[in-house]
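Before any comments, here is the structure.
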Amino acid sequence: METGTRAVDKLTKLLSKSRPEHCYQCGKCTSGCPAALHTEFRPRDILIMAQLGMTEELLKSKLIWMCITCFTCLDVCPRDVEPTEFMITLRNLAALRGIIPTVYRGEGSAILETGLAFRIPESRVKMRERYGLPPLPRVDAEPVRRLLKSVDFDKLIQRGEKK
Amino acid sequence: MGEEQPAILVIGGGIAGIQAALDVASQGFTVYLVERKPSIGGHMAMLDKTFPTLDCSQCILTPKMVDVARHPNVRLLTYSEVKDVKREENGFLVKVLKKPRYVKEDVCTGCGICAMHCPVEVPSEFNMGLGIRKAIYVPFPQAVPLKYTIDRDHCIRCRLCQNVCAAGAIDFDQQPEELELKVGAIIVATGFETFDARKIGEYGYGRYPNVVTGLELERIVSAAGPMGGHIIRPSDGKIPRRVAFIQCVGSRDKRFGNPYCSRVCCMYAIKNAILLKEHLHEVDVTIFYMDIRTYGKGFEEFYRRAEEEFGIKFVRGRVSEIEEDPETKNLRVIIENTETGEILQEEFDMVVLSVGLVPPKGVKELSKILGVPVDEYGFFVEKDIMTSPMETKAEGIFLAGTALGPKDIPDSVAEASAAAMRAVNYVVRRWKS
Ligand SMILES: Cc1cc2nc3c(=O)[nH]c(=O)nc-3n(C[C@H](O)[C@H](O)[C@H](O)COP(=O)(O)OP(=O)(O)OC[C@H]3O[C@@H](n4cnc5c(N)ncnc54)[C@H](O)[C@@H]3O)c2cc1C
Ligand code: SF4
């Protein structure tokens, strides 16, 4: 994985591929957005901030991490904008800067350790036994770990971490 | 040109074509008016009232339809299509196919006894499928010409009509007729079609009975319509108490290749919202819009009246989805009010889609026949939008009305008169030299 300035350049170019400047603020993305229903996240706000040149602010904002990447907005957008892709690119840029919310860091390290994004607690395993459910398949984390380390993912998720 | 005074062909019998034909005819020239449907009138005949004056649409149109049909210089060719156009030294040689009505036009008196006896009921195209017609029919009572037509796709050949027609007008052996016309100029006024709202899956049109289009609402509101002017919703015939209008359906939407504004839907939605308020005093009406485009004379005032005098609610935002309650058939509209950032989920009894204007079927074929290009959407292209908007790059062929792009009736009529003038100028110049 490239993590240096070339990566920043590439991602910055990728931002315009999502055509945020085409947005005319109709709000169709936002009214269909499941994340917007429960949070202050508004895809439409992200796009107008981009149009106003507020990329810096976006990278530092927790809003870009609230998208659940369901792609509903992309389906309904009458202007061919790709809000989901835009959000993903912004997150990648933010990560390169070391701006990563704690939960996402946690998920990253969980994948490195267990091969799964979600650490299954002991209590859950016991519960399955109690209900007579078969044991969960064992996951061999090693190939996943090797793959992620080969692209420096382990270092990426530690960037900017306050120790 | 030769001795004989050249004739002019008008293709399309909507308000634009009718106006052009009347203007050409009143200058002493012969006009052939070719309309592919059984009657002239176009979309204006389907409207209840017209914005911004709320005049009765039929009351303005019907006299014009009668005038054009009775004008001594007009030859009306309905149920007919232009099949070929050849450029000749002195104008054009045009082949017109007259489809068989299976009713002799010169014998039928329009009494309608046949339709009374016809046992076959078919959804009426004129009423947008909300009412029925018979297999032998006139599309609407004011049809011009008032001549019946047998729809052979639905006719069961029982011949009851033949038995009851006192004039003996029924002729099952009628054949298509090919006519050759010599004309000096052509005016194209083939109009528009409304956007097929089925394409927008998230609005559920075609699946949810209480989601209707603006044109369907025109028929519902009309006193001469399938519901006799009683405003009731399709699923259960109940009077709606909460009605929503959704704007820009199939317009300003790149997904369907229609990035343009259809120009009339803001105004026709406001018009119909006011009509609903006038008919049903207890109705709540909300219009969900992106921008209200009221560009014409008296239009902005009309919009303001709707809000201030009639209490119609305007909410800025584009609806992402409509959900139907399977039991009540009520509709939940999901929308962000983009002025407050609030996400609303409101319930309505009926939702009206303000469908945009698109080119009519068959426009590509006609474009080839005429040698006049259409743009990327399928609207005919003018020679120069600034200086010769009614002319085309093909000499002697002129344009008028919505065949050029979305517009309202006043603009269509103005263009029709302009095109008529240009066409007459053109033939006179060549005829005199
Ligand atoms: C729901 C709705 C409400 C509206 N309300 C209003 C209003 O209140 N006020 C207002 O000003 N405007 C209104 N409009 C707009 C108005 O309908 C149009 O401006 C007007 O009808 C355009 O007239 P036209 O003659 O250009 O086209 P049309 O009315 O479409 O007529 C075209 C005719 O050409 C015929 N034709 C098509 N192709 C061929 C062919 N190849 N050969 C032969 N004939 C052909 C068609 O059958 C048709 O009869 C409304 C539109 C809609 C959809
Ligand atoms: S006239 Fe109004 S509803 Fe129609 S496309 Fe334009 S903005 Fe949308």
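The shown structure was predicted, so the numbers you read here are calculated from the model rather than taken from an experiment. Side chains are part of it too, since the values below use all heavy atoms of this structure and drop only hydrogens, waters and symmetry mates. Throughout, protein chains are lettered first and strands after them, A, B, ... in sequence-line order, and every chain is numbered starting at 1.
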Quick one: what part of B:Tyr203 sits under 4.5 Å from any heavy atom of chain A, side chain, backbone, both or neither?
side chain
Chain A neighbours within residues 327-347 of chain B, where any heavy atom lies under 4.5 Å away
B:Ile334, B:Ile335, B:Glu336, B:Thr338, B:Gly341, B:Ile343, B:Gln345
Contacts with chain A made by residues 312-323 of chain B (heavy-atom distance under 4.5 Å), listed by residue number
B:Arg316, B:Gly317, B:Arg318, B:Val319, B:Ser320
Flag, side chain of A:Tyr24 to backbone of B:Met290, donor-acceptor distance under 3.5 Å:
no
Tell me whether the count of non-hydrogen atoms from other residues, nucleotides or ligands lying under 6.0 Å of [atom1] in [X] goes above 12.
{"X": "B:Ile385", "atom1": "CD1", "answer": "no"}
{"X": "A:Glu142", "atom1": "CD", "answer": "yes"}
{"X": "B:Arg304", "atom1": "CZ", "answer": "yes"}
{"X": "A:Leu37", "atom1": "CG", "answer": "yes"}
{"X": "B:Lys254", "atom1": "NZ", "answer": "yes"}

Please classify the contact between [X] and chain B as side chain, backbone, both or neither, with a heavy-atom cut-off of under 4.5 Å.
{"X": "A:Asp75", "answer": "backbone"}
{"X": "A:Arg42", "answer": "side chain"}
{"X": "A:Cys77", "answer": "backbone"}

